[in-house]
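These notes concern the structure reproduced below.
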Amino acid sequence: MGGMNDMNGNGNGTVDTNAKHGADGTGGAGGSDRREAPAGRTERLAVRTLTPPPGPSGATGATGSLDETVVLALTGELDHDTAAPLKEALAAHTGHRRRIVVDCAGLRFCDSTGLNVLLRARLRMLDEGGRLDLAGLGPPVDRMFEITGALSVFRVYENTAAALADCPAAGVPAPEGS
């Protein structure tokens with residue numbers, strides 16, 4: 001993900017979208033979007049908010065300029081017990097951006113709760129004239145989206161770089177409703 005900038009402009013590629021929680025979850029600045037896993041589980045979900053660097057000559061595509069895009073990079077497992085950081089990050093950026101790319105390359109698991117969070121956010125984005133795209137779906141997450149039919153609803157890219165490079169020409173069909 002080199003070349004991404006955080007929302008605070010410090011260039012490290014991360015931003016705390018919920019600064020009231022410290023790294024240990026007890027409060028204070030400098031924490032991350034992480035929640036403790038339920039007893040017996042070691043996996044947590046981390047959400048990093050990234051902004052792509054401006055494109056050459058203010059490159060624009062069907063979604064507007066690249067500075068109107070935000071990338072949410074997910075790491076860990078997305079399920080009922082860990083969905084809160086993603087919900088918060090999506091709520092923070094819905095309505096503020098024309099496009100959200102959810103980078104799922106670090107996502108090891110996604111259940112129906114995670115899928116519903118993404119589907120609801122996609123509908124909110126569509127209602128506001130934007131879109132929500134997915135990148136880097138790997139097994140078994142890709143399989144969940146395939147068997148539920150969600151792959152036909154989202155624009156899905158091999159990786160975040162491909163999603164950010166996508167500047168479809170007018171008239172190129174997109175998935176239904178996007």
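The figures that follow rest on heavy atoms only: side chains count, while hydrogens, waters and symmetry mates do not. Just so you know, these numbers come straight off a predicted model, no measurement behind them.
A heavy-atom distance below 4.5 Å is not found between the side chains of Val101 and Leu50. Residues Thr82 and Phe109 are not in side-chain contact: their nearest non-hydrogen atoms beyond the backbone lie 4.5 Å or more apart. Counting heavy atoms from C-beta on, the side chains of Phe145 and Leu134 come closer than 4.5 Å. Side chains of Arg48 and Leu72 form no contact here, defined as non-hydrogen atoms less than 4.5 Å apart. Contact check for Asp133 versus Val102: no side-chain heavy atoms found under the 4.5 Å cut-off.
Taking Glu146 as the reference, Arg143 meet the salt bridge (Lys or Arg N to Asp or Glu O under 4.0 Å) condition, with sequence neighbours excluded. The side-chain contact (heavy atoms from CB on, under 4.5 Å) check on Ala121 picks up Leu90, Arg124, Leu132, with sequence neighbours excluded. Judged as a side-chain contact (heavy atoms from CB on, under 4.5 Å), and not counting sequence neighbours, the contacts of Ala162 are Tyr157, Asn159.
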side-chain contact (heavy atoms from CB on, under 4.5 Å) evaluation trace for Leu86 with Leu78: CA-CA 8 Å; Leu86 178 58; Leu78 177 55; 3.6 Å; yes
Steps toward side-chain contact (heavy atoms from CB on, under 4.5 Å) verdict (Leu74, Leu45): CA-CA 7 Å; Leu74 308 182; Leu45 180 71; 4.2 Å; yes
Full working for side-chain contact (heavy atoms from CB on, under 4.5 Å) between Val70 and Thr49: CA-CA 7 Å; Val70 68; Thr49 302; 3.5 Å; yes
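Between Arg131 and Met125, the closest heavy-atom pair is O-CE, 3.4 Å. Counting all heavy atoms, side chain and backbone alike, His93 lies closest to Ile100 at CB-CD1, 4.0 Å. Shortest non-hydrogen contact noted between Met144 and Cys110 is CG-O, 3.7 Å. Heavy-atom minimum distance, Val141 versus Leu107: CG2-O, 3.6 Å.
A donor-acceptor pair is defined here as one N or O able to donate and one able to accept, closer than 3.5 Å; such a pair exists between the side chain of Asn116 and the backbone of Ser112. In this structure, Arg122 contributes its side chain and Val153 its backbone to a donor-acceptor pair below 3.5 Å. In this structure, Thr113 contributes its side chain and Asp79 its backbone to no donor-acceptor pair below 3.5 Å. One N or O on the side chain of Asp111 and one on the backbone of Gly114 form a donor-acceptor pair closer than 3.5 Å.
Of the inter-residue distances, the one linking Asp166 atom CG with Arg155 atom CZ reads 6.5 Å to the nearest 0.5 angstrom. Here SG of Cys104 is found 5.0 Å from CG of Leu137. Values are rounded to the nearest 0.5 Å.
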